[in-house]
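So you know, we letter chains A, B, ... as the sequences are listed, proteins then strands, and number each from 1.
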Protein chains: 2
Amino acid sequence: MINIKDIAKLAGVSYSTVSKALNGSSLVKPATKSKILEIAEKYGYQKNLLATQLVSGRSRLVGFVVDNVRNPIFAHMANDLHLELQNHDYHMLLAISPDGVELLNQLRVEGIIIWGDLIHSDPDFLKRFHDLNVPGFILGTDEVLRIPHILIDRKACIHEAVRYLIAHGHRKIGFVGGSQEIKVNAFREAISEMGLETSEDWLIPADSTWEGGYRVIRDYAFHKESPTAFIGLNNLITKGVLRALLERGFSVPADISLVGYDNLPELKNAEVPLTTVGPSLEEMVSKSVSLLQTLIERPGNALPVVLKPALVERASVGPRR
Amino acid sequence: MINIKDIAKLAGVSYSTVSKALNGSSLVKPATKSKILEIAEKYGYQKNLLATQLVSGRSRLVGFVVDNVRNPIFAHMANDLHLELQNHDYHMLLAISPDGVELLNQLRVEGIIIWGDLIHSDPDFLKRFHDLNVPGFILGTDEVLRIPHILIDRKACIHEAVRYLIAHGHRKIGFVGGSQEIKVNAFREAISEMGLETSEDWLIPADSTWEGGYRVIRDYAFHKESPTAFIGLNNLITKGVLRALLERGFSVPADISLVGYDNLPELKNAEVPLTTVGPSLEEMVSKSVSLLQTLIERPGNALPVVLKPALVERASVGPRR
DNA sequence: ACTATCATTAACAACGTTGTTACCGCTGTA
DNA sequence: TACAGCGGTAACAACGTTGTTAATGATAGT
């Protein structure tokens, strides 16, 4: 692969001149510049970002670390973040692993966005990240941290879902999923705050996967005291729940209502278009990019960001039967 | 951020000694080594991969370039490739954009895997990639190229699907989707080769999205001469088709059979578990990694790879009604 | 003609590593 | 006593850039 020294030789100038020409400096004579540019083009010169970055310290590179790109919500975020960062003249590199944090840091990206779930991948993940001392933040946490983050008010989201179901006349509400304490607790709290009936049977633990949601509802012992509405912990569980409900002959929402967590557009294509709560994805993306920019350009000036609930009404919630 | 020179000062040795110690060289006295290691640990030393790579030329970094991570098939591949590369001691960086090729090359990754669809993003994408002269290949192409690639025998896959439907007694077979010439042509060819009835109505163009498949079938004019089975061009279309079919009151597979292209495991969770054709994803991943390894370690020795069809039987195909 | 000015280019240090070579002081051997 | 051998460490060049400073030659002002 050709480098500026090779080009310099070819053009009969010094390599520093080549560097300037390639960067469009006005310090080099137009004729020389175009000659250099021509040679660079001809030989397919590709600058070595490593060297550039090493000396200049800038790369316009941003890392996004997730631990599984197969969850559609991750994939969605990755795609939209990429687009938005591109608008801001940043390139996004995606790493699929908690170790991506160290990797991207070693690559000296200018900033790192970390998908909140990673916090749980390793008890001292936060410390690891904090010690790196690199501009970046956790996208999607439940609690206030000592490092920059975007807080999703999941508690408020769940409350919103409960409120919405109540407004539709529901009194017996179930919750499917168990992995995220905050959501489960928020659910419990909302139920008791709003003075609803409750039963431990209505809090149904499930793996955070399609199968998780599907199985528990497929096997659930329905009777006349069972919930008339469910809330699903995330998009996967919710889709599994919906399937199981339909398979068991319930009509949604005529017999049973369902609201899912995660505002994923494609949930409109579920068997029954799903009504969902969760932060607005657009807001997550735009807030992420501006927070990152602040972090990079004026470190120390990063304000905490909180994402409020958004509810998108589709067709999976109806009046209590 | 601390570097080896800082550590050297702290430890009272030369920076080259620090470098050796950090790399576990046996040329440095155990006592010195542990002292250095301790300091490095204490100050959270993180090597600068840029510098390392610049001088040593090695990074154990591999790039994967896609143009949209939201298609579940991409996401699946990205995830599995990541895992498999990790087993081979490579880190994978994902870039979501045709320009990712140049970007990753400028970062001097050791190899690049390019998702085949990108070929169509730009008429001279292949030339761009070829001129880079970096170890890498196109994953998933229809035709033999002059650059390394893994060829998916899509034609054979479609033939396989048709054969399978015939074996179940179907004579009138439809095809939904229009964007990939090769599949459409393969379908036409298979139909005529196997002496089946045909009608232009049975070849139903559709966007390569869920909505694409859904809409065309929702609006399709069914009558007694309509297909008794459909093939969907990809996983998204197929799911859309299935939904439309069910909504229109057809039973799948009792009334109409359906086979989808793309061997995506989660298609077992469709309303009717979908029977699919396509290359085996596991094979795609393992062949990708070994091809990449060959390309990196013994450039010039790369053999062309062809992926044969695999059919996974689930529940969306039954005997002709 | 003599210098100040300017445009253009060259030279060189730096960025943070690695790898090679050179050096130093010690031990053991002749 | 001289010196080969060796463990340990230091010195230094190199990787491909950028940015700063120095050098060069031409032009213009006096």
Taking only residues two or more places apart in sequence or in another chain, which ones pass side chain to side chain donor-acceptor pair (under 3.5 Å) with A:T32? none
Set of residues satisfying ring pair (Phe, Tyr, Trp, His ring centres under 6.0 Å) with respect to B:Y15, sequence neighbours excluded: none
For B:N48, give me all partners under side-chain contact (heavy atoms from CB on, under 4.5 Å), at least two apart in sequence or on another chain. A:L54, A:R108, B:L50, B:A51
Does a side-chain N or O of A:T32 approach OP1 or OP2 of C:dT9 to a distance below 4.0 Å, or not? yes
Check whether any side-chain N or O of A:T17 sits under 4.0 Å from OP1 or OP2 of C:dT9, and answer yes or no. no
Please list, pair by pair, any protein nitrogen or oxygen found under 3.5 Å from a nitrogen or oxygen in nucleotides 25-27 of chain D.
none

From CG of A:L54 across to P of D:dG16 the rounded distance in Å is 12 Å
A quick test of your reading: do over 12 heavy atoms of other residues, nucleotides or ligands sit less than 6.0 Å from CD of A:E38? no
Over how many whole Å does the gap from B:I7 atom CD1 to D:dA10 atom C1' extend? 17 Å
Using distance only, find each side-chain donor-acceptor pair of residues 110-122 of chain B under 3.5 Å and give its atom names and separation, not counting sequence neighbours.
| unit_1 | atom_1 | unit_2 | atom_2 | d |
| --- | --- | --- | --- | --- |
| B:E110 | OE1 | B:R58 | NH2 | 2.4 |
| B:E110 | OE2 | B:R58 | NE | 3.2 |
| B:E110 | OE2 | B:R58 | NH2 | 3.4 |
| B:E110 | OE2 | B:S59 | N | 2.6 |
| B:E110 | OE2 | B:R60 | N | 2.7 |
| B:S121 | OG | B:L118 | O | 2.7 |
| B:D122 | OD1 | B:D124 | N | 3.1 |
| B:D122 | OD2 | B:R128 | NH1 | 2.8 |

Return all side-chain donor-acceptor pairs below 3.5 angstrom for residues 20-29 of chain A, not counting sequence neighbours, or 'none' if the list is empty.
| unit_1 | atom_1 | unit_2 | atom_2 | d |
| --- | --- | --- | --- | --- |
| A:K20 | NZ | A:S16 | O | 3.4 |
| A:N23 | ND2 | A:S19 | O | 2.9 |
| A:S25 | OG | A:L27 | N | 3.0 |

Can you tell me how far C1' of C:dT8 sits from NZ of A:K35, to the nearest Å? 14 Å
How bent is the helix from C:dA1-D:dT30 to C:dA30-D:dT1, measuring the angle between the end axes built from five pairs each, rounded to 10°? 80°
For residues 81-91 of chain A, tabulate all N or O donor-acceptor pairs below 3.5 Å that involve a side-chain atom, not counting sequence neighbours.
| unit_1 | atom_1 | unit_2 | atom_2 | d |
| --- | --- | --- | --- | --- |
| A:H82 | ND1 | B:I96 | O | 3.4 |
| A:H82 | NE2 | B:I96 | O | 2.6 |
| A:H88 | ND1 | A:E84 | O | 3.0 |

Would you please name every residue forming a side-chain contact (heavy atoms from CB on, under 4.5 Å) with A:D80, sequence neighbours left out? A:H76, A:V285
NZ/NE/NH1/NH2 to OD/OE distance under 4.0 Å, A:K308 and A:E283: no
Under the ring pair (Phe, Tyr, Trp, His ring centres under 6.0 Å) definition, can you give me all pairs with a residue in residues 16-56 of chain B, not counting sequence neighbours? none
Nearest-Å distance, CG (B:D6) to P (C:dC15)? 10 Å
Produce a footprint string for nucleotides 17-23 of chain C: one letter per nucleotide, 5' end first; B if the base is under 4.0 Å from any protein heavy atom, S if only the sugar-phosphate is, - if neither. BBBB---
Quick one: side-chain contact (heavy atoms from CB on, under 4.5 Å) partners of A:L236, sequence neighbours excluded? A:N71, A:P72, A:N234
